[in-house]
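Notes to accompany the following structure.
Each ligand, and each atom within it, is numbered from 1 in the order the structure gives. Computation of the quantities below employed the complete heavy-atom set of this structure, encompassing side-chain atoms and omitting hydrogens, waters and symmetry-equivalent molecules. One-based numbering along the sequence shown.
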Amino acid sequence: MRFVQLGRSDARLIELNVRSDDRGSFTRTWCARTFANEGLDFQPVQGNSSVTRIRGSVRGMHFQRAPKADAKVVRCTAGLIHDVIVDIRPHSPTRGEVHACELGPSTARMLYIPAGFAHGFQTLTDDVTVEYLMGIDYVEDLSDGFRHDDPMIGITWPDPVTVLSAKDAAWPLLAERQPW
Ligand SMILES: Cc1cn([C@H]2C[C@H](O)[C@@H](COP(=O)(O)OP(=O)(O)O[C@H]3O[C@H](C)C(=O)[C@H](O)[C@H]3O)O2)c(=O)[nH]c1=O
C-alpha cells in the first residue's frame, strides 16, 4: 500500500499493490501495521457493502455526528465512482475543503476518510459495489448529512444526478444549520 495525502488534510488515497499472475490477481486491502506505520489510528469495527444499480446515482453527503464521528476506508469493488469527501470538522485548518477521486477495481486504490469528514459518491457506471471498513459502530440517531448540491460547499458532480434517496434529497441546507 502507498499512502497519498489529499491536500493538507489527514485523508489518504491508498494505492494498492495488485499482484497479478496467470490466474488473475491478489491484493491486500487492509493491514493494521501498515496503517499504524502511516500514523493512522484506525481500527475497523464494522464492514458495510452497498450496491447501486443506475449510473449517475448519488449517495451522500453523509457523516455521523460526534461523539461517534465515523472514520472509514472506502473501496469500490465493481463499477466506477466519483468519490467526494468534505472536511466538516469545526476547528480544522482545512474545514470546508473538498477532495474528489475516482475509485473502482481498475484504479487499484481506496480512500481513508478520517472522522469528521462527510462522504458521498456518484456512480459513473451501472452496477456499482462499494465496500466500507468502519472505525466506529453505526448509530442511526447520530447519522447525519447535507445536500449533495449544497451551495455552501459547491461540490461539482461529473454527471446529471439520476437517482437520489428521499433522505438525501431532504437534508437541510448548511446555511440553515447552526453551527456550520
Ligand atoms: C450507513 C448504514 C446504514 N444502515 C442502514 C440504514 C438504512 O436502513 C440502510 C441504508 O442506509 P443509507 O441510505 O444511509 O445508505 P447509504 O446512502 O449507502 O449511506 C452510506 O453512504 C455514504 C456514502 C457513506 O459514506 C456512509 O457509509 C453511509 O451513510 O442501511 C445500517 O444498518 N448500517 C450503516 O452503517
Do H119 and D70 have side-chain N/O donor and acceptor atoms under 3.5 Å apart?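 Checked: H119/D70 side chains show no N/O donor-acceptor pair below 3.5 Å.
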
Which atom pairs, nitrogen or oxygen on both sides, join ligand 1 and the protein at under 3.5 angstrom?
residue  : atom   : partner : partner atom : Å
ligand 1 : 14 (O) : K167    : NZ           : 2.8
ligand 1 : 18 (O) : R59     : NH1          : 2.8
ligand 1 : 19 (O) : H62     : ND1          : 3.1
ligand 1 : 21 (O) : H62     : ND1          : 3.2
ligand 1 : 25 (O) : K72     : NZ           : 3.0
ligand 1 : 25 (O) : H119    : ND1          : 2.6
ligand 1 : 29 (O) : H62     : ND1          : 2.7
ligand 1 : 35 (O) : N48     : ND2          : 3.3

Shortest non-hydrogen contact from A69 toward G116: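 The answer is CB-N, 4.0 Å.
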
Of the non-hydrogen atoms in F146 and F63, which two are nearest, and what is the gap between them?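 Nearest pair, atom of F146 first, then F63: CD2-CE2, 4.0 Å.
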
Mind checking what makes side-chain contact (heavy atoms from CB on, under 4.5 Å) contact with R59, not counting sequence neighbours?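 For R59, the residues satisfying side-chain contact (heavy atoms from CB on, under 4.5 Å) (neighbours in sequence not counted) are S50, T52, F121.
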
Tell me every residue that passes side-chain contact (heavy atoms from CB on, under 4.5 Å) with S106, counting only those two or more places apart in sequence or in another chain.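 side-chain contact (heavy atoms from CB on, under 4.5 Å) list for S106, sorted by chain: L80.
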
Sequence neighbours left out, what passes ring pair (Phe, Tyr, Trp, His ring centres under 6.0 Å) with F3? Give chain and number order.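 If we apply the ring pair (Phe, Tyr, Trp, His ring centres under 6.0 Å) test to F3, skipping adjacent residues, the hits are F35.
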
